[in-house]
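Have a look at the structure below, then the notes.
Predicted model only: the values in this text are computed from it and were never measured. In what follows, every heavy atom counts, from backbone to side chain, and hydrogens, waters and symmetry copies are set aside. Proteins come first, then strands; the chains are lettered A, B, ... in the order of their sequence lines, and each starts at number 1.
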Amino acid sequence: MPGPTRQRERTSEEETETEEETGCPECESDSLVRSADGGGELVCEDCGLVIEEENIDRGPEWRAFNHSERQSKSRVGAPTTQKWQERIRTKDAGERNLQFALSEIDRMSSALGVPRSVREVASVIYRRALDDDLIRGRSIEGVATAALYAAARQLNNPRSLDEFAAVSRVEKMEMTRTYRYIVRQLGLEVKPADPEQYVPRFVSRLDLDEEVEREARALLRAAKDAAVTSGKSPVGLAAAAVYAAALLTNQKVTQSQVGEVADISEVTIRNRYKELLELDHGELVQ
DNA sequence: ATGGTTTTTACTGCGTC
DNA sequence: GACGCGGTAAAAACCAT
């Protein structure tokens, strides 16, 4: 019988990981970057892996909007309806539009710790939307957010809707509506996110170790093979897998903690993780 | 619009520390 | 007594048709 390994209590400080400029353990890249808001995660620019996170905010607040007021510079004022001012407006509209959108994409990208390639694809998508005149009737921020969301998924580096909601200036509803629209109009090909892609970040935010990540991935693969994943939220599956994996490896984490970092209800975690564990017994894992 | 499925919300009881 | 976990019913959200 393997003795129950007493897990170390989670200590926020005192236990500083010893990776400074070692590069990304996942893809060996050197381009590590500290994300701007949302908790100062150290993330890899190439693969988006979160290597280290400083403030785990477990408060109920992390889905709140931090920057309530920001863009006070875009003061529009009453239009003076003069002819050439009107012309300038329409002429430069596209340029201003694009510039602002790109800066938004940049801002959200660093907040989310998304790799550079994703920003680039997002920019391309946005330009296409602009060319096809899809912005009309929609907000620039909305389309920018949608473009980034789509790009992140296309490049297999997805962020959840809730993660986006935390950094974007548009509400979730507008986000999803705009996202559907541009995906449809531009004929973008976006496949459902693979739950495994959420695992590293959740594990990292929960301060669990690599073993959990491996186990979670194994559980998810088994589930996929057994075809119990279709129709289920990838984020929910990932969260459940992380929780289940923590159980299996005797790591301390609660359902509510996992639920919080993944923005998934505990009920969903319960329902999913039971299924995952059943498979683990019945089917073969690995 | 509608119906089926999934997720969330709210509430419950049980065991433990 | 608070906390973690499990279960349930009903509401809400989602999705394909």
Could you give the CG-to-C1' distance, from A:Leu161 to C:dA12, as a whole number of Å?
-> 16 Å
Starting from P on C:dG6, measure out to NZ on A:Lys274 and report it in whole angstrom.
-> 7 Å
Does a donor on one side chain sit under 3.5 Å from an acceptor on the other, for A:Glu174 and A:Ser139?
-> yes
Range on DNA chain B touched by chain A - first to last nucleotide, heavy-atom distance under 4.0 Å = B:dT6 to B:dA10
Salt-bridge contact A:Asp131-A:Arg128 (side-chain N to carboxylate O under 4.0 Å) | no
Going by atom types alone, do A:Tyr149 and A:Arg153 pair a side-chain donor with an acceptor below 3.5 Å?
-> yes
Could A:Glu120 and A:Arg116 be called an ion pair, given the rule that one side-chain N must be under 4.0 Å from one carboxylate O?
-> no
Calculate the interatomic distance between A:Lys172 atom NZ and C:dA12 atom P; express it in whole Å.
-> 16 Å
Would you give the length of the straight line joining atom CD1 of A:Ile125 to atom CG of A:Leu148, rounded to the nearest 0.5 angstrom?
-> 8.5 Å
Between C:dC5 (P) and A:Leu277 (CG): distance, integer Å = 13 Å
Does a nitrogen or oxygen in the side chain of A:Gln255 sit under 4.0 Å from OP1 or OP2 of C:dG6?
-> yes
Classify the nucleic acid contact of A:Thr254 as base, sugar-phosphate or nothing, counting any heavy atom under 4.0 Å across all strands shown.
-> sugar-phosphate
Report the residue (A:Asn271 or A:Leu247) whose heavy-atom-nearest nucleotide on DNA chain C is the more 5′ of the two.
-> A:Leu247
What is the distance, rounded to the nearest whole Å, between atom CD1 of A:Ile264 and atom C1' of C:dC14?
-> 13 Å
Between A:Glu196 and A:Arg214, is there a side-chain N and carboxylate O pair less than 4.0 Å apart?
-> no
Let me know the distance between NZ of A:Lys232 and P of C:dC15, rounded to the nearest Å.
-> 15 Å
What integer distance in Å separates A:Lys252:NZ from C:dG4:C1'?
-> 11 Å
For the pair A:Arg272 (side chain) and A:Ala240 (backbone), establish whether a donor and an acceptor sit closer than 3.5 Å, ignoring hydrogens and angles.
-> no
Atom-to-atom span, OH of A:Tyr273 to P of C:dG4 - whole angstrom | 14 Å
